Amino acid sequence: MDHHTRPATAADADAVRAVIDAAYRPYVTRIGLRPAPMDADHAADIAAGRVFVTGDPVVGVLVLVAEPDHLVLENIAVHPDAHRQGLGRHLLTFAETHARALGLPEIRLYTNALMWENQEIYPRYGYEVTERRQDGQYDRVHYRKRVSRAAAPDQ
């Protein structure tokens with residue numbers, strides 16, 4: 001499957017919301033509240049150039065926020081109908097490429113402590129736990145991954 005990822009446009013807002021809602025809906029009962037990405041202002045994030053999508057129709061969403069010294073992977077969501085097609089891996093690789101392009105040395109993310117599936121996935125892709133803390137009503141596990149600089153092409 002071709003996983004072309006592109007910046008989201010305003011026309012993608014409904015699809016972005018649909019993918020995020022479908023991806024996070026199973027966790028509502030488990031954690032006892034709506035995961036934060038479900039209530040994010042998707043249109044504002046798209047307008048700010050933070051949202052990237054893959055698929056036609058959209059089945060994968062990535063929200064990336066550049067900070068001065070790192071890239072925040074604020075949200076990664078794959079529609080349940082598109083699981084097991086390599087989309088998550090593709091989106092994580094895209095985030096690394098994006099961080100390199102911006103000259104940022106690491107990616108940081110967090111996940112809810114009750115989303116144990118994520119805690120199994122991220123270490124497989126080189127993310128290490130930096131801390132676990134309560135952020136308001138959310139119990140979160142924070143991760144980071146150092147991003148190597150791209151090798152210079154041979155002259």
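Since we're looking at a predicted model, the values are computed, not measured.
- A search for ring-ring contact (aromatic ring centres under 6.0 Å, His included) contacts involving His70 returns nothing, not counting sequence neighbours.
- Not a single side-chain contact (heavy atoms from CB on, under 4.5 Å) links Asp14 to another residue, sequence neighbours left out.
- In this structure, Glu67 does not pair ionically with Arg108, as no charged nitrogen and carboxylate oxygen lie closer than 4.0 Å.
- Apart from Val72 itself, the hydrophobic cluster it occupies contains Val65, where clustering links Ile, Leu, Val, Met, Phe, Trp and Tyr at side-chain heavy-atom distances under 4.5 Å.
- Within the structure, ring pair (Phe, Tyr, Trp, His ring centres under 6.0 Å) contacts touching residues 16-54 (residues at least two apart or in different chains) are Phe52-Phe94, Phe52-His98.
- Annotation: salt bridge (charged side-chain N to carboxylate O under 4.0 Å, His left out) contacts of Glu128 (sequence neighbours excluded): Arg144.
- For Thr54 and His4, the side-chain atoms include no donor-acceptor pair closer than 3.5 Å.
- Interatomic distance, Tyr143 OH to Thr130 OG1, rounded to the nearest 0.5 Å: 9.5 Å.
- At a threshold of 4.0 Å, the pair Glu120-Arg124 does not count as salt-bridged, since none of the basic side-chain nitrogens sits closer than that to a carboxylate oxygen.
- Summarising the geometry, atom CD belonging to Glu106 is positioned 7.0 Å from atom CG belonging to Asp69; distances are rounded to the nearest 0.5 Å.
- Side-chain heavy atoms closer than 4.5 Å link hydrophobic residues (I, L, V, M, F, W, Y) into clusters, and following such links, possibly through other members, connects Tyr122 to Tyr125.
- The shortest non-hydrogen separation linking Val19 to Val78 is CG1-C, 4.2 Å.
- Val58 and Leu64 fall into different hydrophobic clusters, defined by Ile, Leu, Val, Met, Phe, Trp and Tyr side-chain heavy atoms under 4.5 Å apart, directly or through other members.
- Judged by distance alone, the side chain of Asp12 and the main-chain N or O of Thr9 form a donor-acceptor pair under 3.5 Å.
- Contact of the Leu33 side chain with the Val28 side chain is not registered, since no non-hydrogen atoms from C-beta on lie closer than 4.5 Å.
- Scored by the salt bridge (charged side-chain N to carboxylate O under 4.0 Å, His left out) test, Asp21 finds no partners at all (sequence neighbours excluded).
- Residues passing the salt bridge (charged side-chain N to carboxylate O under 4.0 Å, His left out) test with Arg25: none are found, sequence neighbours excluded.
- The shortest side-chain heavy-atom distance between Pro105 and Val147 does not fall under the 4.5 Å cut-off.
- Here Asp139 pairs with Ala113, Arg132, Gln134 under the side-chain contact (heavy atoms from CB on, under 4.5 Å) rule; sequence neighbours left out.
- In this structure, Tyr138 OH and Asn112 CG are separated by 8.5 Å, a value rounded to the nearest 0.5 Å.
- Salt-bridge check for Asp56 with Arg6: failed, with every basic side-chain N at 4.0 Å or more from each acidic carboxylate O.
- Looking at heavy atoms from C-beta onward, Leu92 lies in side-chain contact with Ile76 at the 4.5 angstrom threshold.
- Between the side chain of Arg30 and the main chain of Leu114, a donor-acceptor pair closer than 3.5 Å is present.
- In this view, Asp81 and His79 satisfy the side-chain contact (heavy atoms from CB on, under 4.5 Å) rule, not counting sequence neighbours.
- Under the salt bridge (charged side-chain N to carboxylate O under 4.0 Å, His left out) criterion, Glu131 pairs with Arg133, not counting sequence neighbours.
- Arg17 is linked by a side-chain hydrogen bond (donor to acceptor under 3.5 Å, both in side chains) to nothing, counting only residues two or more places apart in sequence or in another chain.
- Evaluation of the side-chain contact (heavy atoms from CB on, under 4.5 Å) rule for Pro80 yields Ala22, His83 as partners, not counting sequence neighbours.
- In this structure, NE2 in His142 is found 7.0 Å from OH in Tyr110, a value given to the nearest 0.5 Å.
- Contact annotation: the side chain of Val16 approaches that of Val51 to within less than 4.5 Å [non-hydrogen atoms, C-beta and beyond].
- Considering CZ of Arg100 and OG of Ser148, their distance stands at 4.5 Å, rounded to 0.5 Å.
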